[in-house]
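Atoms considered below: every heavy atom in the structure, side chains included; atoms not considered: hydrogens, waters and symmetry mates. Please read these numbers as outputs of a predicted model, since none were measured by experiment.
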Amino acid sequence: MTTPTFTPRVFSGIQPSGGLTLGNYLGAIKRFVSMQDEAFETIYCMVDLHAITVWQDPADLRRNTRELAAGFIASGISPEKSILINQSQVPEHAQLAWIFNCVARMGWMKRMTQFKDKAGKNAEAASLGLFGYPALMAADILIYHATHVPVGEDQKQHLELTRDIAAKFNHDYGVDFFPLTEPVIEGAATRVMSLRDGSKKMSKSDPSDASRINMTDDADTLAKKIRKAKTDPDALPSEAAGLADRPEARNLVNIYAALNDQSVEEVLREVGGQQFGTFKPLLAELAVAKLSPISEEMARLMADPSEIDRILSRGAGQAREITAPILEKTYEIVGMVR
């Protein structure tokens, strides 16, 4: 049996659960933008079917989906270079997920740490969707025969499951139909930490708005949050090792490096020895220069949601040109009468 050659293709998605932050931008979206100009077809998705594994207010979900799409576009994801979609507009995602529900094993799903984290102590009250959504995540990826997925540490287990499902399907049916998708491991700034506590991840659920930079923050708000970010009394070191036990300092340097497309070492060669009273204004100026155009464009797009809807509708049509034949072939392999 000849091994198929798959088109180099990237798929990734973010849940439209509201409150797009700097962590989303530096940890995912900025990388999505750069991958558009690499040797891949790129498909980026608002995964609204995943969002409803926990209850969502319908009006909020619609708004959050459009806001996330606006964030993607404003950050530089071009509908001319990438396919930009809303998951529920491409029904093949859910259809392949059912096939994968029948391929994945219960033991695999029970090992998923995110279900344990999200369901908490009352797992019996969690939705079946929350338990089974890793199979949908596998379908999201494999319905495009995606060869690469950019992932952070918290998603590596799900990509391993995707590979397990692909391998089992191929083995069970004696085919080489689904690729074993490769992870694209992210760099140093994938975990952006709270501006109030450098030991905690920046989160939209933190009760303090001062703990995070929202992608909708205007220039004044951005600068104010950075000026008030928690620091320590020592000067910045000249080498990265000097940040080891200084979580707030490390976080601000990481943010500067990621926004300015530099390594931490390069930043420290420039700012080592500075006090935060000098460094914070530099970071604030950089953040405003890089992020305020994004927030302004998001506001413009959200003022005309019909433009967003047109882009997503077009993307769904492009996506289905890829997904419909893959689903049809999957049904044929499985033995469905069509």
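Counting only distance, with no hydrogens or angles, the side chain of Asn24 and the backbone of Thr21 share a donor-acceptor pair below 3.5 Å. Remark: side-chain polar atoms of Asn251 are not paired, donor with acceptor, to backbone N or O of Pro247 under 3.5 angstrom. Of the possible polar contacts, one joining the Lys225 side chain to the Asp209 backbone as a donor-acceptor pair under 3.5 Å is found. Side chain of Lys30 to main chain of Ala258: a donor-acceptor pair is present (N/O by atom type, distance under 3.5 Å, no hydrogens or angles). Using a distance-only test at 3.5 Å, with no hydrogens or angles considered, no donor-acceptor pair links the side chain of Ser82 to the main chain of Pro79. Remark: side-chain polar atoms of Arg212 are not paired, donor with acceptor, to backbone N or O of Ser194 under 3.5 angstrom. A donor-acceptor pair under 3.5 Å links the side-chain atoms of Gln36 to the main chain of Ser78, judged by distance alone. Although no hydrogens or angles enter the test, the distance criterion places a donor-acceptor pair under 3.5 Å between the side chain of Asp197 and the main chain of Ser199. Between the Lys280 side chain and the Ala223 main chain, no donor and acceptor come within less than 3.5 Å of each other. Using a distance-only test at 3.5 Å, with no hydrogens or angles considered, a donor-acceptor pair links the side chain of Gln56 to the main chain of Ala51.
Tyr44 and Phe32 have parallel rings, their planes meeting at less than 30° on a 0 to 90° scale where 60° marks the start of perpendicular. Ring geometry, Phe169 versus Tyr173: the interplanar angle falls from 30° to 60°, so the pair is classed tilted.
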Could you please spell out the steps behind the ring-ring contact (aromatic ring centres under 6.0 Å, His included) verdict for His158 and Tyr133? CA-CA 10 Å; His158 287 128; Tyr133 87 95; 5.5 Å; yes
From CA spacing to verdict: ring-ring contact (aromatic ring centres under 6.0 Å, His included), Phe178, Phe100: CA-CA 12 Å; Phe178 288 115; Phe100 286 171; 5.4 Å; yes
Worked verdict on Lys329 versus Glu332 for salt bridge (charged side-chain N to carboxylate O under 4.0 Å, His left out): CA-CA 5 Å; Lys329 183 63 177 178; Glu332 178 186 322; 3.2 Å; yes
Hey, mind stepping through Arg111 and Leu161 against side-chain contact (heavy atoms from CB on, under 4.5 Å) and telling me if it holds? CA-CA 10 Å; Arg111 288 195 292 272; Leu161 179 74; over 6 Å; no
For salt bridge (charged side-chain N to carboxylate O under 4.0 Å, His left out), just list the numbers for Glu328 and Arg338, CA-CA rounded to whole Å, side-chain angles, deciding distance to a tenth of an Å, and then say yes or no. CA-CA 9 Å; Glu328 191 66 25; Arg338 308 298 290 158; 3.2 Å; yes
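Using a 4.5 Å heavy-atom threshold, the side chains of Met106 and Lys110 count as touching. Proximity of Val184 to Val10: side-chain heavy atoms (C-beta onward) are nowhere separated by under 4.5 Å. At least one side-chain heavy atom of Thr7 sits under 4.5 Å from a side-chain heavy atom of Glu41. Residues Gln87 and Met46 fail the side-chain proximity criterion, which asks for heavy atoms closer than 4.5 Å. No side-chain heavy atom of Leu236 sits less than 4.5 Å from a side-chain heavy atom of Leu252. At a threshold of 4.5 Å between non-hydrogen side-chain atoms, the residues Pro16 and Arg63 do not count as touching. Between Met336 and Ile99 the shortest side-chain heavy-atom distance falls below 4.5 Å. Counting heavy atoms from C-beta on, the side chains of Asp220 and Val288 never come closer than 4.5 Å.
Each of Asp217, Thr216, Asp218 was evaluated against Asn214; a single residue qualifies, Asp217, per the side-chain hydrogen bond (donor to acceptor under 3.5 Å, both in side chains) test. With Ile322 as the fixed residue, the side-chain contact (heavy atoms from CB on, under 4.5 Å) test singles out one of Arg9, Glu92, His145: Arg9.
Of all heavy-atom pairs between Val264 and Leu243, the closest is CG1-CD1, 4.0 Å. Summarising the geometry of Ser75 relative to Gly71, their closest heavy-atom pair is OG-O, 2.7 Å, with the distance given to 0.1 Å. Heavy-atom minimum distance, Phe177 versus Ile326: CZ-O, 3.7 Å. Here the closest heavy-atom approach between residue Ala316 and residue Gln89 is recorded as CB-OE1, 3.6 Å. Nearest heavy atoms, Ala74 versus Met298: CB-CG, 3.7 Å. Across all non-hydrogen atoms, the minimal contact from Asp234 to Phe276 is O-CE1, 3.7 Å.
Under a hydrophobic clustering in which Ile, Leu, Val, Met, Phe, Trp and Tyr are joined whenever their side-chain heavy atoms come within less than 4.5 Å, directly or via other members, Ile85 and Val47 fall into different clusters. By the criterion of side-chain heavy atoms lying less than 4.5 angstrom apart, applied directly or through intervening Ile, Leu, Val, Met, Phe, Trp or Tyr residues, Ile52 is not grouped with Leu130; the two fall into different hydrophobic clusters. By the criterion of side-chain heavy atoms lying less than 4.5 angstrom apart, applied directly or through intervening Ile, Leu, Val, Met, Phe, Trp or Tyr residues, Val33 is grouped together with Phe40 in one hydrophobic cluster. Residues Tyr256 and Ile226 share a hydrophobic cluster, clusters being chains of Ile/Leu/Val/Met/Phe/Trp/Tyr side chains in contact below 4.5 Å. Criterion: ILVMFWY side-chain heavy atoms under 4.5 Å apart, direct or through other members. Under it, Val54 and Leu136 are not part of a common hydrophobic cluster.
In this structure, the ring of His93 has its center less than 6.0 angstrom from the ring center of Tyr144.
With hydrogens and angles left out, the side-chain atoms of Ser211 and Lys200 include no donor and acceptor closer than 3.5 Å. Using modelled atom types and a 3.5 Å distance limit, the side chains of Thr65 and Asp48 yield no donor-acceptor pair. Side-chain contact annotation: Ser34 with Arg31, donor-acceptor N/O pair under 3.5 Å present. Using a 3.5 Å distance cut-off with no hydrogens or angles, the side chains of Ser203 and Asp206 do not pair a donor with an acceptor.
Arg163 and Glu160 are not joined by a salt bridge, as no carboxylate oxygen comes within less than 4.0 angstrom of a charged side-chain nitrogen. A salt bridge is defined here as a Lys NZ or Arg NE, NH1 or NH2 lying under 4.0 Å from an Asp or Glu carboxylate O, and Glu297 with Arg300 meets this definition. The pair Arg66-Asp309 counts as a salt bridge, with a side-chain nitrogen and a carboxylate oxygen less than 4.0 angstrom apart.
Within the model, atoms OG of Ser12 and CE of Met35 stand 8.5 Å from one another, a figure rounded to the nearest 0.5 Å. The distance from atom CZ of Phe11 to atom SG of Cys45, rounded to the nearest 0.5 Å, is 4.0 Å. Of the inter-residue distances, the one linking Asn86 atom CG with Leu68 atom CG reads 9.0 Å to the nearest 0.5 angstrom. Of the inter-residue distances, the one linking Leu20 atom CG with Ile29 atom CD1 reads 4.5 Å to the nearest 0.5 angstrom. We find the CD-OG distance between Gln318 and Ser313 to be 10.0 Å, quoted to the nearest 0.5 Å. Atom-to-atom distance recorded for Glu239:CD and Arg269:CZ is 9.5 Å, nearest 0.5 angstrom.
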